[in-house]
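These notes concern the structure reproduced below.
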Amino acid sequence: MTNPASIADTEHNAIADLLMNNGLGNGSDDIDDLTDDNSNYATLTDALEQTVFESFDDGLYIGMMSGTSLDGMDAVICQFNHDMGDKETTNKESISDEGSSQPPMQLLATYSQDFPPRLREVLLALCQPNGVNQLVPEADEPTSELDWFGWASREYAEFASEVVNTLLQQADIDAESVLAIGCHGQTVRHRPQMGFSLQLVDANIIAERTGISVVSDFRRRDMAVGGQGAPLVPAFHQALFGTSDNTRVILNLGGIANITVLPADGKDQVVGYDTGPANLLLDAWTALHNDNSYDASGAWAQSGKIIEPLLEQLLAHPFFTQPHPKSTGREVFNLAWLQDELQTFDQASVYTRYSSADVQATLTELTAISASAQINNFITTDKNSSVSVCGGGALNDYLMTRLQAHLPHSTVMTTDHLGLAPTWVEAVAFAWLARQTLMGETGNLPAVTGANKGVVLGQVCFA
């Protein structure tokens, strides 16, 4: 049995260290008033809420996100009210509720910037095992994979710092007003079956260049307690979009598609997991055959015809029938995988003729079917339900049309109707996760990631 006295000592020392680290004098002396026998503070979290963490509740936060599609970096400045994420208030009101005295979140400023071409090229190479072998080093550039990783970590951080400073300048907000930056970094390897996920960023550089503390490395703490480290946004979806009125599904269409199912009564567990590829295959195939980096509005896909036998072959991938919790990434679904599948298909269907637009139509249908099949598992025809789409895929009109076709018992809309534009949802999510970290609150949902308990996520690099 654990000695209660040892727990008390641990909590006393932890709070004392926090006080000392924040320049509040003699930590041991200051904390005695909080932990004596007459105190109402039964836990470390209770004490923290009355000390240095009190002011972290509803200040300004910056969230940053660059997803698996690698189309650029999104950044936001937002402010959360003090009830945001409180278990007692979750599912009672959402950002879209009318008549709320104070919205749970205010989006104050946004900014998006494409990656510098060379950085994007290197990041894409690092996403594939030994992919940097195809790079032709320029003067003073690395020649090995590990060196390229270090180079990209620094370049990514310098770029992220420029994005933050531009965002602050355009919003006319001082860095001193921002409590923290939540920076996800760039995932270059996600191997849940091996127990790790690797995000590339040097938070030290961002903290130094911006003068703002940075929270990063969100995924690995969840993996340390048996989780997959993904998806992490369902906890934020619950905090911001939860409602008691109806079953609400949030579908994020980034490079990978993932769903969050928010039950109507708030009593059932939130469900969330990756459903399969989305923009990363659509963008890669578009870039291979056109001058564009993405299929605007899905017009090119809509000009083609779905290749049903190819679609059936692609859907045979074991990930689609794997039970949740589950997550995936560019390591599994990528252009090389698609080209191998096409070669297999051509060998088995020598008389089938198709165009590159037909393949794009088929890939769009792959995303629509794989996502909607999972969503339909949680929707019944006798209850109200809605599917709210976010991520870059929400701007793909043809994909949205195909989703609606496969979800006849739901209304498919973007998260605009919930009060937050689909392109900013993930960036806001990591601002919220940074806030959770600073407040000492859990950021994962064990039922979603497969973790054995809820934990505080992220590492903090103080400015």
Side-chain angles (χ1 to χ4, degrees), residues 67-72 114-115 117 120-121 124 127-128 251-258 274-317 319-320 328-330 332-375 387 389-408 412 414 422-423:
T68 51
S69 57
L70 273 165
D71 52 359
D114 292 342
F115 279 113
R120 184 176 190 274
E121 182 183 11
L124 284 169
C127 286
Q128 300 300 319
L251 170 61
N252 177 51
L253 294 174
I256 295 293
N258 56 69
D274 291 349
T275 62
N279 296 331
L280 69 84
L281 287 182
L282 297 174
D283 292 350
W285 188 252
T286 298
L288 186 65
H289 293 276
N290 298 298
D291 294 332
N292 302 319
S293 58
Y294 65 97
D295 184 9
S297 299
W300 187 42
Q302 192 169 10
S303 72
K305 295 182 179 180
I306 298 169
I307 312 166
E308 294 292 346
L310 176 61
L311 176 63
E312 184 178 347
Q313 177 185 318
L314 298 178
L315 285 169
H317 191 288
F319 177 81
F320 296 117
T328 189
R330 192 178 285 273
V332 177
F333 297 105
N334 50 59
L335 183 59
W337 169 78
L338 174 60
Q339 290 173 324
D340 286 344
E341 290 291 325
L342 287 172
Q343 184 176 12
T344 300
F345 178 75
D346 290 342
Q347 292 172 350
S349 308
V350 292
Y351 298 111
T352 301
R353 297 289 180 265
Y354 59 87
S355 68
S356 56
D358 295 339
V359 174
Q360 186 74 357
T362 305
L363 293 175
T364 303
E365 193 73 359
L366 175 68
T367 297
I369 283 185
S370 57
S372 60
Q374 297 303 311
I375 293 170
V387 177
V389 185
C390 58
L395 307 180
N396 186 321
D397 295 337
Y398 178 60
L399 176 54
M400 293 288 284
T401 298
R402 296 309 302 152
L403 283 166
Q404 184 64 81
H406 294 294
L407 294 166
V412 179
T414 73
T423 49

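The model shown is predicted, which means the values in this text are computed figures rather than measured ones.
- Applying the side chain to side chain donor-acceptor pair (under 3.5 Å) rule to pairs touching residues 349-359 yields D346-Y354, S355-D358, sequence neighbours excluded.
- Under the rule for a side-chain hydrogen bond (donor to acceptor under 3.5 Å, both in side chains), the partners of E121 that lie at least two apart in sequence or sit in another chain are R118.
- Looking at T68, its side chain does come within 3.5 Å of a backbone N or O of I256 through a donor-acceptor pair.
- Residues A361 and G304 approach most closely at CB-C, 3.9 Å, considering heavy atoms.
- Heavy atoms of other residues, nucleotides or ligands lying less than 6.0 angstrom from CD of E308 number more than 12.
- Here the side chain of N290 pairs no donor or acceptor atom with the backbone of N292 at under 3.5 angstrom.
- For H317, the ring pair (Phe, Tyr, Trp, His ring centres under 6.0 Å) partners at least two apart in sequence or on another chain are F333, W337.
- Checked against salt bridge (charged side-chain N to carboxylate O under 4.0 Å, His left out), E341 has no partners two or more places apart in sequence or in another chain.
- Between the CG atom of L399 and the CG atom of L363 there is a distance of 11.0 Å, given to the nearest 0.5 Å.
- Taking every heavy atom of both residues into account, T367 and P277 meet most closely at OG1-O, 2.9 Å.
- Taking each heavy atom of A257 and L253 in turn, the nearest pair found is CB-CD2, 3.7 Å.
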Without placing hydrogens or testing angles, list every side-chain donor-acceptor pair under 3.5 Å for residues 295-302, not counting sequence neighbours.
residue: D295; atom: OD1; partner: A299; partner atom: N; Å: 3.3
residue: D295; atom: OD1; partner: W300; partner atom: N; Å: 2.9
residue: D295; atom: OD2; partner: A301; partner atom: N; Å: 3.0

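- Every residue two or more places apart in sequence or in another chain that forms a side-chain contact (heavy atoms from CB on, under 4.5 Å) with I375 is listed here: V249, L251, I259, I379, V387, L407.
- Going from atom CG of N334 over to atom CG of L280 covers 8.0 Å, rounded to the nearest 0.5 Å.
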side-chain contact (heavy atoms from CB on, under 4.5 Å) between L342 and W285, intermediate numbers included: CA-CA 12 Å; L342 287 172; W285 188 252; 3.5 Å; yes
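- When the side-chain hydrogen bond (donor to acceptor under 3.5 Å, both in side chains) test is applied to T286, the partners found at least two apart in sequence or on another chain are Q360.
- Here the CD-CG distance, from Q374 to N258, works out to 12.0 Å after rounding to the nearest 0.5 Å.
- In this structure Y294 satisfies the ring pair (Phe, Tyr, Trp, His ring centres under 6.0 Å) test with no other residue, sequence neighbours excluded.
- When every heavy atom of A357 is checked against every heavy atom of S303, the shortest pair comes out as CB-OG, 3.8 Å.
- Legend: residues meeting side-chain contact (heavy atoms from CB on, under 4.5 Å) with Q404, ordered by chain and number and at least two apart, are V412.
- Closest non-hydrogen pair, L315 versus F320, comes out as O-CD1, 3.5 Å.
- Considering only residues two or more places apart in sequence or on other chains, T414 meets the side-chain hydrogen bond (donor to acceptor under 3.5 Å, both in side chains) condition with D416.
- Atom-to-atom distance recorded for L366:CG and L338:CG is 9.5 Å, nearest 0.5 angstrom.
- When the salt bridge (charged side-chain N to carboxylate O under 4.0 Å, His left out) test is applied to R402, the partners found at least two apart in sequence or on another chain are E365.
- The distance from atom CZ of F319 to atom OG1 of T275, rounded to the nearest 0.5 Å, is 7.0 Å.
- With sequence neighbours excluded, the residues satisfying side-chain contact (heavy atoms from CB on, under 4.5 Å) with S69 are D71, N279, D283.
- Closest heavy-atom contact between P422 and A394: CB-CB, 3.7 Å.
- Side-chain contact between R120 and D114 is absent, with no heavy-atom pair separated by less than 4.5 Å.
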